[in-house]
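Data first, discussion second: the structure below is written as structure tokens.
In what follows, chains carry the letters A, B, and so on, assigned in the order in which the sequence lines appear, proteins first and then strands, with residues in each chain numbered from 1.
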Number of protein chains: 2
Amino acid sequence: MLKYQQTATEIEAYIERHALQQGDKLPVLDQLIRQFEVSKTTMTKALELLERKGTIFQVRGSGIFVRKTNRKGYIELFSTQGFKQNLVEHDIQSKVLSFELIPCPEEIIENLGSPPGEMVYAIKRIRYIDGNIMCLEESYYRQTIVPYLNREIVEQSIFEYLETALGLNIGFSDMYMHVGKLPDSIAQFLELEAGDPALTVETIFHLTNGRPFDYSVITYHYEHSQFVVQANGLYL
Amino acid sequence: MLKYQQTATEIEAYIERHALQQGDKLPVLDQLIRQFEVSKTTMTKALELLERKGTIFQVRGSGIFVRKTNRKGYIELFSTQGFKQNLVEHDIQSKVLSFELIPCPEEIIENLGSPPGEMVYAIKRIRYIDGNIMCLEESYYRQTIVPYLNREIVEQSIFEYLETALGLNIGFSDMYMHVGKLPDSIAQFLELEAGDPALTVETIFHLTNGRPFDYSVITYHYEHSQFVVQANGLYL
DNA sequence: CATTATAATTGTACATGTACAATTTATCAA
DNA sequence: TTGATAAATTGTACATGTACAATTATAATG
């Protein structure tokens, strides 16, 4: 683990240990540097990371303050997959509806940039959050990049397997979101009525080297999912 | 404008000028440093900014590559307000339904952290994208921070006024999203039926110093809005 | 010709240091 | 007490430099 990531984790632990709340002030930068025994660069990067994550905000001339949402039960939309809720990890279960290795379907090719005839793992599963149906997920993994998957892995967290067991470096993703009426074919999986509202999120995941390896379509159960995003201005 | 922001803008111009496409390689770091005549720190920060923005991605040992979505017509969800679409700014119009200065309503107080009795500008407007109804927006601005607003400003871009005319520094925001069925009261503004699907986004905007100044609830027209987010892993 | 080992390329991590801008605190005048 | 002014505090911008890890290109080997 990189030093600035490690430092960020330690600062999070510090916040937790001291039970700091929204708006509470952290030690001054110089103090943090001495306290955690890192250089200014490293501390700055650690703080920047936490700022992007929404854990703190920094005010020049004033100090470094913790940032917390006061709402509970929201899913963090950008938790690099792996549905995390505010502070609390929740109980996520998966029921695998289908799992097969097939030639990449036409309509997926453009999203994954697959060469013709490439094989992909096609997985359909229902995901539960604390016992409630959260979403239906259909995902496609390029076998060229993910050489092996099995039903057991797919019942757990696929991404954790990719990162730890396969050592893949997940980089960035393009997400496309829209709202619409549920078609009957999907409604039945979510135990909802056709025509009910639904949020659909298509995501193309890339490795750090830019190669797309996973295309997924997630349809959320509108009653069992709400999202929080702690954003930082992009300016420019 | 800061040097690294300026540099980032110039690199964007470079990409545009050379008509670089998805996956095309930029000059190597050292070359960029010489070419744009900045230090390594500045160039790195500029590139990091563009990476967060989703304009490029960097691969160690390999190079810097441009990143572009191939889909058109999606609204960038995190364009620091000011609905921007992929590359193209679109024609945004606003119809002001109501504009008043009132004591902060009960249910808004907790979101804005207003002291009791504080006055807020309450604005309700419909926003059109290329002539189509995009969303209904209800927003509340604390008069303590935004001392003056008028109907004319509100018909244009409020945020631009805040930043340029008032010199406010917009920092970060908390967004809460959920999907549901339209109540009749809102459906009529969007020219939809009650029960139709809708995405509702509540946002609390803060200044760089952490003070919340704007709470807004936006209900999107499900047929005239879809969103793109180009995310970068957060790790940790 | 394919494979493996080696070297060159290229971006990232990290350290140190200077200057500065936004904020807060202290000081002083009215 | 109030309000302006100066000083101290504190984070950010920016420059330079070293070391290193991931990738790619090259050379050596069978």
Side-chain angles (χ1 to χ4, degrees), chain A residues 1-11 23 25-52 56-67 145 167-172 206-211 232-233 235-236, chain B residues 1-11 23 25-52 56-67 145 163 166-172 206-211 232-233 235-236:
Chain A
M1 197 180 209
L2 296 171
K3 200 166 179 181
Y4 75 90
Q5 291 177 339
Q6 178 59 38
T7 305
T9 307
E10 286 174 24
I11 293 172
K25 189 175 176 179
L26 265 68
V28 181
L29 186 60
D30 286 334
Q31 170 62 23
L32 287 173
I33 289 169
R34 284 192 300 274
Q35 194 164 324
F36 291 90
E37 293 177 305
V38 296
S39 77
K40 190 166 51 167
T41 311
T42 304
M43 184 51 73
T44 303
K45 285 208 72 171
L47 293 171
E48 186 196 312
L49 186 62
L50 292 176
E51 194 163 36
R52 277 207 287 151
I56 62 166
F57 65 94
Q58 304 183 71
V59 184
R60 160 151 61 181
S62 182
I64 304 159
F65 305 90
V66 323
R67 181 176 168 199
I145 299 176
L168 293 182
N169 298 110
I170 292 146
F172 54 91
H206 307 255
L207 300 177
T208 44
N209 64 15
R211 296 172 67 195
N232 304 289
Y235 326 104
L236 201 63
Chain B
M1 198 181 208
L2 295 172
K3 200 166 180 179
Y4 75 90
Q5 291 177 338
Q6 177 60 36
T7 305
T9 307
E10 286 173 24
I11 293 172
K25 189 175 176 180
L26 265 68
V28 292
L29 187 61
D30 287 335
Q31 169 63 23
L32 286 173
I33 289 170
R34 283 193 300 274
Q35 194 165 325
F36 292 90
E37 293 177 303
V38 295
S39 78
K40 189 165 52 167
T41 311
T42 304
M43 184 53 73
T44 303
K45 284 208 72 171
L47 293 171
E48 187 196 313
L49 185 63
L50 291 176
E51 193 163 37
R52 277 207 288 151
I56 61 166
F57 65 94
Q58 304 183 72
V59 185
R60 162 151 62 182
S62 182
I64 304 160
F65 305 89
V66 320
R67 181 176 168 199
I145 298 175
E163 286 188 304
L166 290 187
L168 293 181
N169 298 111
I170 292 146
F172 54 91
H206 306 255
L207 300 177
T208 45
N209 65 15
R211 296 171 68 195
N232 304 287
Y235 326 105
L236 200 66

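The side-chain heavy atoms of B/Lys45 and B/Leu2, taken from C-beta on, include no pair separated by under 4.5 Å. When side chains are defined from C-beta on, A/Ile11 counts as touching A/Met43, because their heavy atoms get closer than 4.5 Å.
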Identify each donor-acceptor pair in which a side-chain atom of residues 26-34 of chain B lies under 3.5 Å from a protein atom, sequence neighbours left out, and give them as a table.
from, atom 1, to, atom 2, distance (Å)
B/Gln31, OE1, B/Arg34, NH2, 3.1
B/Gln31, NE2, B/Gln35, OE1, 3.0

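With a heavy-atom cut-off of 4.0 Å to chain B, the contacted part of DNA chain D has its first and last nucleotide at D/dA13 to D/dT24.
Within the 4.0 angstrom heavy-atom criterion, only backbone atoms of the sugar-phosphate kind lie near B/Ile64; the bases stay farther away. B/Leu29 comes within 4.0 angstrom of a nucleotide base, judged by non-hydrogen atoms across all strands. Backbone-only contact: B/Ser62 has heavy atoms under 4.0 Å from sugar-phosphate atoms and none from a base.
Positionally, the nearest nucleotide of DNA chain C for B/Pro27 lies more toward the 5' end than for the other of B/Pro27 and A/Thr41. Between A/Arg60 and B/Lys40, the one whose closest nucleotide on DNA chain D sits nearer the 5' end is A/Arg60. The nearest heavy atom of DNA chain C to A/Lys45 and to B/Gly61 marks one nucleotide each, and the one closer to the 5' end goes with B/Gly61.
Between B/Phe57 and A/Phe172, the angle of the ring planes lies from 30° to 60°, which puts this pair in the tilted group.
Panel note: side chain B/Gln58, backbone B/Glu51; no donor-acceptor pair is recorded below 3.5 Å.
A/Thr41 contributes atom OG1, which lies 10.5 Å from atom NZ of A/Lys3 (distance to the nearest 0.5 angstrom).
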